[in-house]
2 protein chains.
Amino acid sequence: MAAHISLLDPGRLFGLRYIAMKDVTCPDSPLADLCRQRGLKLTGQRRTIAFVLSDSDDHPDVEELYRRAVAVDPRISIATVYRTVRLFEENGILQRRDFGGGRARYEVADGEHSDHYHLIDASTGKVIEFENAELNALLDSIVREKGYDLVTTRLSIVGRRKAGGED
Amino acid sequence: MAAHISLLDPGRLFGLRYIAMKDVTCPDSPLADLCRQRGLKLTGQRRTIAFVLSDSDDHPDVEELYRRAVAVDPRISIATVYRTVRLFEENGILQRRDFGGGRARYEVADGEHSDHYHLIDASTGKVIEFENAELNALLDSIVREKGYDLVTTRLSIVGRRKAGGED
DNA sequence: CGTATTAATGAGAAGGATTATCAATTGCAA
DNA sequence: TTGCAATTGATAATCCTTCTCATTAATACG
């Protein structure tokens, strides 16, 4: 899904290749702007990761993000993906999710109040996003009633497709 | 919390100690019965872990379970605790929970339909259990509406104690 | 526009939680 | 009681993630 930007074949031109790529990387993206807005240093790698993330509407894990980022700019290490993903999470740019399987998965944090939830297909592991205002309100009232302010909701429902279901 | 059953000082009686402990372990427990009901071989270690679990009303991680199990019967290894906990989960005896912090935590699976949820105090990490029939019903209807049967709900709400709150 | 300064990066080592390995042991059925 | 398949203990291996440190790059300042 992520655009593959490679203006030069790696291995050609030697030193020149390196210098040229310094200026290439990838275009800015909404997330790159966000990065700047938060006062984070916008390095080439961060711009690349932001670009890849802006281009994703699923819930990639770090390994998958790394794959997509390398397709855009091979000069990137998985350590940086781990670091960046953590940084972005700490700055409210990304949200970490746990869908089981032992690895964290990430998605772009849509502004403060467009909470959505996840339904996980028990057979396929497919993740279906949904929103539900009634659920928002109910969770909020439950928490408030117990003397708390809601900070985050981590909800995943595991479901099995009903027999005779459509699609 | 777990009873400490040690009828003999370790180190005394040598061979005899070993033979004696074979017959001691710990009493049966509701979970040990469940274990038998599922056709699982009821080894001494499993009986011990079942006993410890029946005695717990919190959400211990494996390390903590190991600690409690060793207090009952020192002849147990952490590998077995990992194995047993996984076995019990696969057999619907335990439920695995993720409260963040990178380690799985476990609790006894109360029958199919006494779902409860967790509110996590953002400052202290304390876990507060609660039930809510309205929430049960709403989640069920959401899932059904999408053509699924609800298998499991994984919900933790992170909240911050309201300023001026009681207690 | 060049330079210093400070932070970010890459590569791989280290860490923590969990699973796998395998010889020795044990529960259970006959 | 005996035999056999399953389980255990000890530890190595694995997986995901973070750390380390020398090198490189982004920003502020002149």
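Letters A, B, ... mirror the listed sequences (proteins, then strands); counts begin at 1.
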Rounded interatomic separation in angstrom, taking CG from A/L87 and P from D/dT17: 17 Å
Does B/T43 place a side-chain N or O at less than 4.0 Å from the phosphate oxygens OP1/OP2 of D/dT8? yes
Between C1' of D/dA26 and CZ of A/R47, the distance in whole Å: 10 Å
Figure out the CD1/C1' separation between B/I76 and C/dT25, and round it to whole Å. 15 Å
B/E64 and B/R68: CA distance, side-chain angles, deciding distance, salt bridge (charged side-chain N to carboxylate O under 4.0 Å, His left out) verdict: CA-CA 6 Å; B/E64 176 61 25; B/R68 296 180 192 178; 2.8 Å; yes
Between C1' on D/dA5 and CG on B/L42, what's the gap in Å once rounded to a whole number? 17 Å
What's the verdict on side-chain contact (heavy atoms from CB on, under 4.5 Å) for B/I76 and B/I49, showing C-alpha distance, side-chain angles and the deciding distance? CA-CA 10 Å; B/I76 204 168; B/I49 294 168; 3.9 Å; yes
note: A/R75, atom CZ; D/dA25, atom C1'; distance rounded to Å ~ 10 Å
Return the nearest nucleotide to the side chain of A/K41; candidates are C/dA7, D/dA10, C/dA11. C/dA7
Checking side-chain polar atoms at under 3.5 Å, does A/D61 have a donor or acceptor matched by the opposite partner on A/Y106? no
Does OP1 or OP2 of D/dT7 have a side-chain N or O of B/R46 closer than 4.0 Å? yes
Distance, rounded to the nearest Å, where A/L65 contributes CG and D/dT17 contributes C1': 14 Å
Nearest whole angstrom, please: distance from the P of C/dG12 to the OH of A/Y66. 11 Å
Are B/Q45 and D/dG9 close enough that a side-chain N or O sits under 4.0 Å from OP1 or OP2? yes
With a 4.5 Å cut-off on side-chain heavy atoms, are A/E107 and A/L53 touching? no
Under the ring-ring contact (aromatic ring centres under 6.0 Å, His included) test, which residues partner B/F99, sequence neighbours left out? B/H59, B/H118
Do the side chains of B/L42 and B/V108 join up, straight or via other hydrophobic residues, at under 4.5 Å, putting them in one cluster? no
Contact letters for nucleotides 17-24 of chain C, in which S counts primed atoms plus P, OP1 and OP2 and B counts the base, heavy atoms under 4.0 Å: SBBBB---
Checking A/Y117 against A/N136: is there a side-chain donor and acceptor pair closer than 3.5 Å? yes
